[in-house]
Amino acid sequence: MDEITVTFPDNSKQKYPSGVTPLEIAESIGPRLAKDVVVARVNGELTDLTNLIQSDAELILYTGDSEEGHEVLLHSTAHLMAQAVKELFSEAKVAIGPAIEKRFYYDFDVDKPFTDDDLKKIEDKMRELSKADLSVKQRILTKVEAIDIFSKLKEVYKIEIIEEIEPDELITAYEQGDFIDLCRGPHVSSTSKIKYFKLLNSSGAYWRGDERNKMLQRIYGTAFSSKKALNEYLTFLEEAKKRDHRKLGKELEIFMFDDEVGPGLPLWLPKGGVIIEELEKLAKETEDRAGYLRVRTPHLSKGILYEKSGHLKHYKESMYPAMDVDGIDYYIKPMNCPHHHKIYASSPRSYRDLPLRLAEYGSCYRYEKSGQLFGLMRVRSMQMNDAHIYCTPGQFKEEFLAVCKMYLYYFDIFGIEKYQMRYSLHDPAGLGGKYVNEPDLWIKTEQDARKALDEWGINYVEKPDEAAFYGPKIDVQVWSAIGKEFTLATNQVDFAIPGRFGLTYIDEKGNEAAPLCIHRAPLSTHERFIGFLIEHYGGDFPLWLAPIQGIVLPISEKSIEYARQVYRRMLDAGFRVTLDDRSDKISAKIRKAELKKINVMLIVGEKEVQEEKVSVRRRFVGDLGKSSLAEVIEDLSREIEEKR
RNA sequence: GCCUACGUAGCUCAGUCGGUAGAGCACGUCCUUGGUAAGGACGGGGUCACCGGUUCAAGUCCGGUCGUAGGCUCCA
């Protein structure tokens, strides 16, 4: 028999007979590895453990705790779940079942939605199938064979998928016991490799994500290579729920919703008001330094304005319906741009006036579909950190980059590290419909913006067909505590609307020219940004943002008078402090303050009265001992100043 | 908008088989004056989301509406 040389990642080499499988190699190395390995990479290609290796090869064996191995494990668990569902619900038809971030799902067409009870039964059946140690075998099929097999099984969704595959492409399916599933693979070699899994929840999901299609039933689950890793993930999910801004926002009295006010219309409580004011202060300082001018515009406008802007054509479904005022249609504004365009147009502009940067923390209202509402992150009334920058084509690159840099300035202050920059482009197929019909402008602006980004050297991903209707944009995506994705900051180029509003400037040569417009919102909206910050900080705001920065706690009645003086002096020094002069024991007062996540506690008893000092206790740190109030004020002021 | 689940005191939740509602925390009063995460006693607080139906009787069963949650699609 021929011998082949297998090279391992550490560059060590070993001879094996030709036709050896990765699984056999793992067995030759050790029983533990053979048990744990889930997938192999042969000459760079991810492959099943049972595939034969015919000639010299580089081999990497992945266990379930590697990124590659975990993804395969998740995917194979999805198959195991589908097998269990098919055994329990014979009429169920399978659709698709991929691995996603730390989880998997599978969509089924069933008569009745799954109940929690069904999920338990499915999970039990999965354990049974795992114990049965069914080997998972790949089958290579032609298109005709594949259609034949899945037609007999009446798997209509699989047939739909197969029919879209090129006729000469090889089709693979995986078989375990009586269950066969169309799949590209790779997969684990046996169901016994899948041991630590949990089904999480089920929900409706449209076939191919299109609401015109039938609604299928989706089950989400997760799987790991060890009991410990599974439990860690489940604990993480529990912890994430505790950080959820909807829960913390209520507990910390930041915002609320009320049935009679309406869904998606948050009411900011006083503590939320403080956070908003601090953010606005930061934004105003930053924008003042960057040459922005602040304007204010009404919440309502005549329909004709939105006809001109194109909102009624491209954005109407997200707008509140018109209200009739003296026989004229008025709309509540979904964006501030048309008003800012009017301000631009209010006086003749020279190239010397540009860039003109008009900023407004403007309230907008958007009719989001009810199912889309999500705490503060997706609401119907919002206040945007909005501004429109009107500039010449020659100024565009610098202005565009200045906006991107402003994002990063803010992100540094807030310690936001996990985000993705996303450059959204148009699809020419949508011109005249989803996008304004300006093909040349689209191409030119997209090139300019890309050039700016590339020269700056920032990392971004391109998203085709995700642009705004008036131009390409760069967004910053972040993730909520429970893993939902949101656009935070946004920077949008608009080459179309200024033309529609007849916005012009006189250039150096005395000719009329059209300015470009950049729509930007580095701090997103108050609603989304604060929702995000609540989760980002887990409710423990840095001192400069904290609604209550400190609390004065007298130890007994004997020190109440002194506590009042301390409280007064803190207020006079500009701090947001409260005083707990109730008759609780000091430990109870501390506990209450901790539960409110108050950062600084100034504890005063008879000793402090005598020494004219305060005892400082910081959250997460504990007792820091006695200081003079002047020292405390100085330290805290510096901390606030530095936005630590 | 669609599918499913849920909605009881300010908050978190219990309430069995249909028989007119309960706990803890919070709140109020009083006692207690205690040194770094819960001192004690007493008390107030409910149109059981809303509307309708079944029933002698509905928090409980049925229907509708509103809201919330988990998803699908879309956006700041």
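A, B, ... follow the sequence lines: proteins, then strands. Residue 1 opens every chain.
- In summary, the side chains of Y105(A) and R103(A) do not present any donor paired with an acceptor at a separation below 3.5 Å, with no hydrogens or angles considered.
- For K86(A), the side-chain hydrogen bond (donor to acceptor under 3.5 Å, both in side chains) partners at least two apart in sequence or on another chain are E155(A).
- Put simply, the side chain of E368(A) and the base of rA76(B) share a donor and an acceptor less than 3.5 Å apart.
- Residue K558(A) places at least one side-chain N or O closer than 4.0 Å to OP1 or OP2 of rG34(B).
- Here rA38(B) presents its P atom at 9 Å from CD1 of I590(A), a figure rounded to the nearest Å.
- Atom NZ of K369(A) and atom C1' of rG1(B) are 5 Å apart (whole Å).
- Taking the side-chain hydrogen bond (donor to acceptor under 3.5 Å, both in side chains) definition, one finds that R357(A) meets it with E399(A), sequence neighbours left out.
- Judged by distance alone, with hydrogens and angles left aside, S583(A) brings no side-chain donor or acceptor close enough to the base of rU33(B) to form a pair under 3.5 Å.
- Salt bridge status for K484(A) with E101(A): absent, with no side-chain N to carboxylate O gap under 4.0 Å.
- Among the nucleotides rG39(B), rA38(B), rG35(B), the one closest to the side chain of E608(A) is rG35(B).
- Counting only heavy atoms from C-beta on, Q492(A) has its side chain closest to rA76(B) among rA76(B), rA37(B), rG28(B).
- Comparing rU73(B), rA38(B), rC3(B) against the side chain of P113(A) picks out rC3(B) as the nearest.
- Note on A588(A): only backbone sugar-phosphate atoms sit closer than 4.0 angstrom, heavy atoms only; bases stay farther off.
- rG19(B) and rG1(B) have their P atoms separated by 36 Å, given to the nearest Å.
- The side chain of K250(A) contributes an N or O atom lying less than 4.0 Å from OP1 or OP2 of rU12(B).
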Going 5' to 3' through nucleotides 67-72 of chain B, assign each nucleotide B (protein heavy atom under 4.0 Å from a base atom), S (under 4.0 Å only from sugar-phosphate atoms) or - (no protein heavy atom that close). SSSBBB

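- Nearest nucleotide to the side chain of K592(A), out of rA76(B), rA37(B), rC27(B): rC27(B).
- Distance from the side chain of R366(A) is smallest for rC75(B) among the nucleotides rC3(B), rG35(B), rC75(B).
- Within residues 404-426 of chain A, no residue has any heavy atom closer than 4.0 Å to RNA chain B.
- We find that E612(A) and K607(A) are not joined by a salt bridge, their nearest charged nitrogen and carboxylate oxygen being 4.0 Å or further apart.
- Across the protein-nucleic acid pair, K585(A) atom NZ and rA38(B) atom C1' stand 9 Å apart, rounded to whole Å.
- The pair R208(A)-E160(A) meets the salt-bridge criterion, with a side-chain N (NZ, NE, NH1 or NH2) lying under 4.0 Å from an Asp/Glu carboxylate O.
- Distances were taken from every side-chain heavy atom of R378(A) (C-beta onward) to each of rC74(B), rU36(B), rU12(B); the shortest belongs to rC74(B).
- Contact annotation for T525(A): base contact, defined as any heavy-atom pair under 4.0 Å involving a base atom.
- Every residue two or more places apart in sequence or in another chain that forms a side chain to side chain contact (heavy atoms under 4.5 Å, CB included) with L453(A) is listed here: F400(A), C404(A), Y423(A), I458(A), Y460(A), I474(A).
- Note: Y315(A) and H311(A) have perpendicular aromatic rings, judged against thresholds of 30 and 60 degrees for the angle between ring planes.
- Across all strands, L200(A) comes closer than 4.0 Å to no nucleic acid atom at all (heavy-atom distances).
- Checking side-chain atoms of W207(A) against main-chain N and O of D107(A) turns up no donor-acceptor pair under 3.5 Å.
- A side-chain donor from one of Y435(A) and D465(A) sits under 3.5 Å from a side-chain acceptor of the other.
- Not a single donor-acceptor pair under 3.5 Å links the side chain of K214(A) to the backbone N or O of Y206(A).
- Rounded to a whole Å, the CG atom of D584(A) is 13 Å from the C1' atom of rC27(B).
- Ring-plane geometry between Y470(A) and H519(A) is classed as parallel, the angle between the planes falling under 30 degrees on a 0 to 90 degree scale with a further cut at 60.
- In the interface, the side chain of R212(A) is not paired with the base of rC2(B) through any donor and acceptor atom under 3.5 Å apart.
- Between Y410(A) and F414(A), the ring planes lie tilted relative to each other; the angle falls in the 30° to 60° range.
- No engagement by E251(A) is indicated, since no non-hydrogen atom pair under 4.0 Å with the nucleic acid exists.
- Secondary structure note: stems in RNA chain B built from 3 or more consecutive Watson-Crick or G-U wobble pairs under 3.5 Å occupy B:1-7 with B:66-72, B:10-13 with B:22-25, B:27-31 with B:39-43, B:49-53 with B:61-65.
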